[in-house]
Amino acid sequence: MQTAKITARAHTNIALIKYWGKKDEKLIIPQNSSLSLTLDHFYTDTTVQFDENLTKDHFSLNGKDCEATKVSAFLDLVRQKSGLDLPARVISVNHVPTMAGLASSASAYAALALAASTAAGLKLNKTELSRLARRGSGSACRSIYGGFVEWQKGHDDQSSFAKPFIEAPTWDIKMIAIVINAAKKKISSRFGMQHVVQTSPYYPAWVESTEQDLALIKDAILQEDFVKMGTLAEKSAMKMHALNLSADPHFNYFEPESLEAMQAVEQLRADGIACYYTMDAGPNVKVICQGQDLETILAKLKQHFRAEQLLVSAPGPGATLLERN
Ligand code: DP6
């Protein structure tokens with residue numbers, strides 16, 4: 001017996017209010033709610049077929065066979081839910097420029113959740129899909145939706161999932177990813193956030209102040225107040241990186257060029273251009289701006305970086321099924 005072969009596409013997302021720390025490591029329940037923007041340019045396509053002729057799960061990424069342990073653990077959740085106890089073949093392709101280093105677990109697990117659950121015959125609604133994707137990687141629960149998305153932290157498996165905030169924003173927002181180093185990150189987000197929760201004396205202040213930042217950024221987005229939104233996003237990112245600097249032992253994701261990028265953005269702001277930076281668990285810097293300022297900002301950044309290092313995206317859609325055969 002073979003199931004239908006199902007392909008799903010999910011786009012990556014960048015958090016404006018960061019998720020950094022778990023309450024439950026196994027179920028991936030976060031300490032704080034977060035808010036992200038799904039991007040149009042970076043996505044993962046994943047095909048899943050369950051097949052009794054296989055002896056174990058197979059996983060290939062960008063045409064190369066890979067270790068399937070993490071994918072298998074995730075498929076086990078789908079097998080439990082559906083009662084379909086068969087191995088699967090999983091084929092994933094990351095549509096992210098290969099040098100970008102932005103390939104993210106968010107688009108990967110969102111696409112896998114949709115493709116695997118559909119192939120297994122489960123008809124999950126978006127809340128259930130978000131909860132399932134969350135079990136693969138926390139940030140993946142937000143990639144089920146397009147546009148601005150809030151992950152409401154909840155307190156258990158049932159109550160922790162993402163919700164669309166504004167799925168198709170009408171204002172002209174752009175995100176420039178400055179690719180500084182495409183190599184695999186030195187400290188995974190999974191380890192980094194766990195270490196911070198355990199050792200940073202500032203962690204309680206992060207949780208408390210992030211709830212306020214989230215309420216304020218939601219107001220700013222509803223009012224289409226770009227300056228307020230960007231200021232809060234930059235603040236959330238820097239607070240997250242300050243947690244890493246305050247951990248014991250401390251660590252950080254900054255490289256000299258990350259600081260150079262941040263200074264270029266600050267200089268642009270001093271010259272009257274509204275743009276703000278954010279950074280995740282790696283050295284690449286992402287700049288949030290409005291379409292009207294894009295060319296001016298790119299011209300300035302090209303004084304510091306090569307054109308291929310600058311990747312522009314706009315708000316993107318939620319996860320979708322691509323084909324059924
Ligand atoms: C800095 O979702 O990759 O990008 O849940 O352990 O898989 P796990 O972590 P992950 O962490 C993302 C952290 C972040 C901030 C964010 O996306 O909110």
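We count residues from 1, following the sequence as given. Heavy-atom basis, side chains included; hydrogens, waters and symmetry copies ignored. In each ligand, atom 1 is the first atom listed, and ligand 1 is the first ligand listed.
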Would you kindly specify which portion of [X] sits under 4.0 Å from ligand 1, judged on non-hydrogen atoms: side chain, backbone, both or neither?
| X | answer |
| --- | --- |
| N13 | neither |
| R142 | side chain |
| S139 | both |

(message) Give the atom numbers and elements of ligand 1 that come within less than 4.0 Å of a heavy atom of A15.
(response) 16 (C), 17 (O), 18 (O)

(message) So if I count the atoms of ligand 1 from 1 in the order they appear, which ones are less than 4.0 Å from some heavy atom of M193?
(response) 9 (O), 11 (O)

With a 4.0 Å cut-off on heavy atoms, does [X] reach ligand 1?
| X | answer |
| --- | --- |
| K22 | yes |
| W151 | no |
| S34 | no |

(message) Check K70 with D57, please: is the shortest side-chain N to carboxylate O separation under 4.0 Å?
(response) no

(request) Would you mind checking if K286 and D280 are paired as a salt bridge, meaning a charged N to carboxylate O distance below 4.0 Å? (result)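 Salt bridge between D280 and K286, a charged N being under 4.0 Å from a carboxylate O: yes.
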
(message) Within the structure provided, determine whether L222 and I166 are in side-chain contact (heavy-atom separation under 4.5 Å).
(response) yes

(request) Tell me, please, which residues at least two apart from A106 pass side chain to side chain contact (heavy atoms under 4.5 Å, CB included). (result) T12, N13, S104, S139, S143

Determine, considering heavy atoms only, which of [options] sits nearest to [atom].
| atom | options | value |
| --- | --- | --- |
| atom 3 (O) of ligand 1 | S189, S36, G21, A108 | S189 |
| atom 12 (C) of ligand 1 | Y253, Y109, Y19 | Y19 |
| atom 10 (P) of ligand 1 | G192, S137, S143, A281 | S137 |

(request) Mark yes or no for whether S200, through its side chain, and V197, through its backbone, hold a donor-acceptor pair below 3.5 Å. (result) no

(request) Classify the ring geometry between W151 and Y19 as parallel (under 30°), tilted (30 to 60°) or perpendicular (over 60°). (result)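 Judged by the thresholds at 30° and 60°, the geometry between W151 and Y19 is perpendicular.
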
(message) Using the salt bridge (Lys or Arg N to Asp or Glu O under 4.0 Å) criterion, which residues pair with E167? Sequence neighbours excluded.
(response)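 Applying salt bridge (Lys or Arg N to Asp or Glu O under 4.0 Å) to E167 gives none.
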
